[in-house]
Amino acid sequence: MPKKETITSLQQAKGERKITMITAYDALFASLFRESADMILVGDSLNMSFKGEPDTLSITLEQMIYHTQAVCNGAPDTFVVCDMPFGSTNTKEEALANAVKVFQQTRADAVKIEGGCERADLVEHLTDNAIAVIGHVGLLPQSVRSEGGYKVKGRDEESFKQVMADAKAIEESGAFALVIEGVTPALGKAVTEAVKIPVIGIGAGKETDGQVLVWSDMLGFFEAFKPKFVKRYLEGAKLVKEAVGEYAKEVRSGIFPAEEHTYK
Ligand SMILES: Nc1nc(=O)c2c([nH]1)NC[C@@H]1CN(c3ccc(C(=O)N[C@@H](CCC(=O)O)C(=O)O)cc3)CN21
Ligand SMILES: CC(C)C(=O)C(=O)O
Ligand SMILES: [Mg+2]
């Protein structure tokens with residue numbers, strides 16, 4: 001098993017090697033990812049692909065903590081990041097209290113917070129109080145209702161400049177890394193060059209310091225979700241359906257259970 005990444009080793013990776021991040025929501029899959037991924041993100045995307053909700057907004061801090069505990073159990077030697085859910089970081093005080101809860105109730109190494117300039121003070125309050133923070137700029141899934149959809153950033157000058165300012169403000173606030181989501185490759189590159197902290201992209205082109213994907217998307221389990229930035233490395237849904245179909249057929253025909261599956 002590779003050695004657990006540290007904040008220092010992740011920061012030293014910038015310009016030297018690409019950082020690989022994948023989400024996980026449970027111990028079993030986390031244990032399968034630990035040998036390949038540098039970091040595991042317990043993403044609030046689990047509200048969609050695990051719970052089946054239409055967006056990420058309704059997941060609670062308690063649910064995030066439960067899944068983070070599971071992931072830490074499955075990947076004890078992997079750097080684990082817990083997404084701070086919608087509504088858990090509205091004020092500095094609330095954000096710190098909730099991040100402390102995450103650190104006390106799980107073995108997460110860091111938390112991730114969506115937002116730019118408007119959250120910079122809040123992120124600084126956390127980093128001042130020994131909470132390791134990853135920022136998240138660009139397309140912000142927790143703003144889907146206020147923005148009226150998932151909108152790629154950087155196609156116009158205004159959003160390009162805004163995301164650049166967001167990234168710099170979050171770096172200033174002491175975040176040790178940044179996730180950038182749903183931006184043009186030019187903006188992904190510009191942000192990566194503008195900050196000293198590692199920038200991990202999702203739908204942000206190939207010039208970032210690393211990549212993150214949602215496990216159920218890249219393994220082809222989440223059939224309904226196939227935005228442009230997802231590459232399928234496995235046809236999970238197809239394989240699972242075939243296997244369960246085979247099982248059902250064998251039960252119905254009496255092939256399963258066979259002699260070797262039966263107690264003597
Ligand atoms: N399973 C899963 N995977 C994710 O990557 C993910 C989640 N859930 N939930 C939280 C957010 C939501 N994400 C999303 C959701 C939709 C689009 C989307 O519809 N993208 C359009 C872009 C439209 C445009 O060009 O402006 C696309 O067609 O790719 C993108 C990211 C990414 N995150
Ligand atoms: C898409 C990634 C970056 C995320 O925030 C999540 O999985 O919730
Ligand atoms: Mg998230």
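Computed from a predicted structure; not experimentally measured. In listed order, ligands and their atoms are each counted from 1.
- The side chain of D83, and not its backbone, has at least one atom closer than 4.0 Å to an atom of ligand 2 (non-hydrogen atoms only; side chain from C-beta on).
- What sits closest to atom 31 (C) of ligand 1 on the protein, heavy atoms only, is F229 CE2, 3.6 Å.
- Between the side chains of S9 and E5, at least one donor N or O sits under 3.5 Å from an acceptor N or O.
- Among the heteroatoms counted here (N, O or S) of D44, OD1 is the one nearest to the Mg ion (ligand 3).
- When only interatomic distances are considered, the shortest N/O to N/O separation between D217 and ligand 1 falls below 3.5 Å.
- Nearest heavy-atom pair across T127 and S173 is OG1-O, 2.8 Å.
- For the side chain to side chain donor-acceptor pair (under 3.5 Å) with Q142, the qualifying choice from D44, D55, T56 is D44, the only one to do so.
- No N or O atom of T23 sits closer than 3.5 Å to an N or O atom of ligand 2.
- Side chains of N73 and Q69: a donor-acceptor N/O pair is absent below 3.5 angstrom, by distance only.
- Residue E53 does not touch ligand 1, judged by heavy-atom distances below 4.0 Å.
- To the nearest 0.5 angstrom, M48 atom CE is 11.5 Å from I59 atom CD1.
- For R119 against I113, the heavy-atom pair with the smallest separation is NH1-CG2, 4.1 Å.
- If you check which protein heavy atom lies closest to atom 16 (C) of ligand 1, you get Y150 CD1, 3.3 Å.
- Applying the 4.0 Å criterion to heavy atoms of V214 picks out, from ligand 2, the atoms 7 (O).
- Annotation: atom 1 (C) of ligand 2 to nearest protein heavy atom, I202 CD1, 3.7 Å.
- Under 4.0 angstrom from ligand 1, the non-hydrogen atoms of P141 all belong to its side chain.
- A salt bridge is defined here as a Lys NZ or Arg NE, NH1 or NH2 lying under 4.0 Å from an Asp or Glu carboxylate O, and E158 with K161 fails to meet this definition.
- Among all protein heavy atoms, the one lying closest to atom 7 (C) of ligand 1 is S45 CB, 3.6 Å.
- No part of L46 comes within 4.0 Å of ligand 2, judged by heavy-atom distances.
- In the candidate list V212, L213, L41, L41 is nearest to atom 2 (C) of ligand 2, counting heavy atoms.
- When each atom of ligand 1 is checked for a heavy atom of R155 under 4.0 Å away, the hits are 24 (C), 25 (O), 26 (O).
- Atom CZ of residue F176 and atom OG1 of residue T6 lie 9.5 Å apart, to the nearest 0.5 angstrom.
- Contact atoms of ligand 2 toward G43: 6 (C), 7 (O), 8 (O) (distance under 4.0 Å to a heavy atom of the residue).
- Q211 and K206 get closest at one heavy-atom pair: NE2-CA, 4.1 Å.
- The nearest protein heavy atom to atom 21 (C) of ligand 1 is not closer than 4.0 Å.
- Of the charged side-chain nitrogens involved, none lies within less than 4.0 Å of a carboxylate oxygen, so that K168 and E172 do not count as a salt-bridged pair.
- Remark: distances from the non-hydrogen atoms of H136 to ligand 2 include one below 4.0 Å.
- Protein heavy atom closest to atom 13 (N) of ligand 1, with residue, atom name and distance, is E181 OE2, 3.6 Å.
- Looking only at atom types and distance, the side chain of N47 has a donor-acceptor partner in the side chain of S58 under 3.5 Å away.
- Looking at atom 8 (O) of ligand 2, its nearest protein heavy atom turns out to be D44 OD1, 2.7 Å.
- Ring geometry for W215 versus Y25: interplanar angle over 60°, hence perpendicular rather than tilted (30 to 60°).
- Listed by number with element, the atoms of ligand 1 under 4.0 angstrom from any heavy atom of F222 are 1 (N).
- Protein heavy atoms are found inside the 4.0 Å sphere centred on atom 3 (N) of ligand 1.
- For CD of E35, the number of neighbouring non-hydrogen atoms (other residues, nucleotides, ligands) closer than 6.0 Å is 12 at most.
- Inclusion of S45 in the set of residues having an N or O under 3.5 Å from an N or O of ligand 2 is warranted.
- The aromatic rings of F229 and F225 stand perpendicular to each other, their planes meeting at an angle above 60°, with 30° marking the opposite boundary.
- Looking at T56 against ligand 1, only its side chain comes within 4.0 Å, counting heavy atoms.
- In summary, D109 and K4 engage in a salt bridge, as defined by a charged side-chain N under 4.0 Å from a carboxylate O.
- With rounding to the nearest 0.5 angstrom, the CG atom of D166 is 4.5 Å from the SG atom of C117.
- Scanning the protein heavy atoms around atom 5 (O) of ligand 2, the nearest turns out to be K112 NZ, 2.9 Å.
- Within the listing of ligand 1, atoms 29 (O) sit less than 4.0 angstrom from a heavy atom of P227.
- In summary, the atoms of ligand 1 found under 4.0 Å from a heavy atom of K228, numbered by their order in the structure, are 29 (O).
- Closest protein heavy atom to atom 6 (C) of ligand 1: F225 CZ, 3.9 Å.
- D83 contributes atom OD2 as its closest N/O/S atom to the Mg ion (ligand 3).
- Nearest protein neighbour of atom 9 (N) of ligand 1, counting heavy atoms only, is M48 SD, 3.1 Å.
- Going from atom CE of M39 over to atom CZ of F79 covers 5.0 Å, rounded to the nearest 0.5 Å.
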